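Along the sequence shown, the residues carry numbers beginning at 1. Owing to the predicted nature of the structure, the values given are computational and were not obtained by experimental measurement. Atoms within each ligand, like the ligands themselves, are counted from 1 in listed order. Computed over heavy atoms, backbone and side chain alike; hydrogens, waters and symmetry mates excluded.
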Amino acid sequence: MTHPIYLDHHSTTPVDPRVLDAMLPYFSEHYGNASSRSHAPGRTAAAAVEQARERVAQSIGASYSEVVFTAGATESNALAIKGCAQRRPGAHLVTSAIEHRSVLDACRRLEADGWALTVLPVDRFGRVDPDDVRHALRRDTVLVSVMAANNEIGTLQPIGEIGAIVRTSQALFHVDATQALGRMGLDVDAASIDLLSLSAHKLYGPKGVGALYLRRRPRRVEPLPLIEGGGQENGLRPGTLNVPAIVGMGAACELMIESGAVERSRLRMLRERLFGALASELDGLTLNGHPDERLAGNLNLGIDGVQADALLLGLPGIAVSAGAACSSGSVKPSHVLEAIGAASAGARAALRFGIGRFNTEEEIDRAAHLIAKQVRALRERR
Ligand SMILES: *Cc1c(COP(=O)(O)O)cnc(C)c1O
């Protein structure tokens, strides 16, 4: 069986062969514990971790001492949100309605435990209005968390404007940038960001490793650690470091620094090709998300007259993800589509395409053809 055409890069990405090459020696020859600095194997591992830290920092305009390695963006988000909130019991948090579950659920947990929470609405394109952030800020607001780019509809937030507003208050500004690194300009100083979450497996790196940026100047951001232990990562994230994965994350960030901008224009071209091919063969398509302010590789389409689960069942040759725009099928409507008002009552599937580094024009054309054929077949059956 041939591999399906992989168009689900918001869910995860394949490890780039260059990233894998960089990692492999740290599974075999260089197996040292990065905390064991009394001998050469330990020091070799420590040096590799510090080089990776430098690369991650460089990719977001930070300095190397401001990056803590974690097990992924879910953990980075938890450390940022819960760790900062714990310093101010009962204080106020602000987030948006279309955040990743790991942000929303962390905030909801804190709300259940006695913190106050404001969940900002978004417009029909999925954008947060910076004025809404201004109005939501209170004297006791401890943290504002707004993602840079949405993982379902690809919408980019006006992070710089929001950061400038948060900066006028006592609150810290956290950005989940898991989908954004390499895919939009990202600079922690330019956008007044205090904390920023990343994950390697959305960047052609390995799964199970991520990073949290924590601003040092002018104010040092110090969340309470979620776990206690051996003091690694300044005590913020104790536990033996996953050296091969961290090396892979560093290599993945380096590739993004090198080629992110060129890659973006190629992905945009492929997305327009996919949308164009589908629109020429099918009517009843709606674009979910913002027409311009969106991730280059993201296409989220509402398709009238079909159910998402039936559509996907008929497309074994394509790896794509569904966020049903209606709740009549077995696929639940996504909180993101609900928040932009795209969760309609009628039969309409929503497909999320995430185009990536290794997709070809030929794959895009073949996918468009297979999808159009299956949609027509399902519509005729109604
Ligand atoms: C994938 C994703 C996460 C979770 O990252 P993990 O490393 O898989 O825990 C968080 N936020 C966004 C926006 C994501 O796309």
Legend entry - Contact (N/O only, under 3.5 Å) between Ser11 and ligand 1: no

Inset, instruction - Note the single closest protein heavy atom to atom 9 (O) of ligand 1, along with its residue, its atom name and the distance in Å. - result: Thr74 OG1, 2.6 Å

Inset, instruction - Under 4.0 Å from a heavy atom of Gly72: give me the atoms of ligand 1 that qualify, with their elements. - result: 7 (O)

Legend entry - Partner of Asn359 by side-chain hydrogen bond (donor to acceptor under 3.5 Å, both in side chains), out of Glu362, Glu363, Glu361: Glu363

Inset, instruction - Compute the shortest N/O to N/O distance between Gln179 and ligand 1 and return yes if it is under 3.5 Å, no if not. - result: yes

Inset, instruction - Taking atom CZ of Arg124 as the centre, report whether more than 12 heavy atoms of other residues, nucleotides or ligands fall under 6.0 Å from it. - result: no

Legend entry - Closest protein heavy atom to atom 7 (O) of ligand 1, given as residue, atom name and distance to 0.1 Å: Ser199 OG, 2.6 Å

Legend entry - Closest protein heavy atom (residue, atom, distance) for atom 11 (N) of ligand 1: Asp176 OD2, 2.7 Å

Inset, instruction - Please indicate whether any nitrogen or oxygen in Lys202 is less than 3.5 Å from any nitrogen or oxygen in ligand 1. - result: yes

Legend entry - Protein residue, atom and distance nearest to atom 8 (O) of ligand 1, heavy-atom basis: His201 NE2, 2.8 Å

Inset, instruction - Answer yes or no: does an N/O atom from Asn151 fall short of 3.5 Å to an N/O atom of ligand 1? - result: no

Legend entry - Nitrogen or oxygen atoms of Ala73 and ligand 1 under 3.5 Å apart: yes

Legend entry - Contacts of type side-chain hydrogen bond (donor to acceptor under 3.5 Å, both in side chains), residue Arg109, not counting sequence neighbours: none

Legend entry - Parallel, tilted or perpendicular: rings of His9 and Tyr204 (30°, 60°): tilted

Legend entry - ligand 1 to Glu75 polar contact by distance, N or O atoms, under 3.5 Å: no

Inset, instruction - Pick one of side chain, backbone, both or neither for how Met147 approaches ligand 1, counting any non-hydrogen atom pair under 4.0 Å. - result: side chain

Inset, instruction - Decide whether Met256 and Val15 are clustered together by the hydrophobic rule: side chain heavy atoms of Ile, Leu, Val, Met, Phe, Trp, Tyr closer than 4.5 Å, transitively. - result: no

Inset, instruction - For atom CZ of Arg217, decide whether the heavy atoms of other residues, nucleotides or ligands shown that lie under 6.0 angstrom number more than 12. - result: no

Inset, instruction - Go through the steps for His100 and Asn151 under the test side-chain hydrogen bond (donor to acceptor under 3.5 Å, both in side chains), then give the verdict. - result: CA-CA 7 Å; His100 189 266; Asn151 50 301; 4.6 Å; no

Inset, instruction - Measure up the Tyr26 and His30 rings against each other and bin them: parallel (under 30°), tilted (30 to 60°), perpendicular (over 60°). - result: tilted

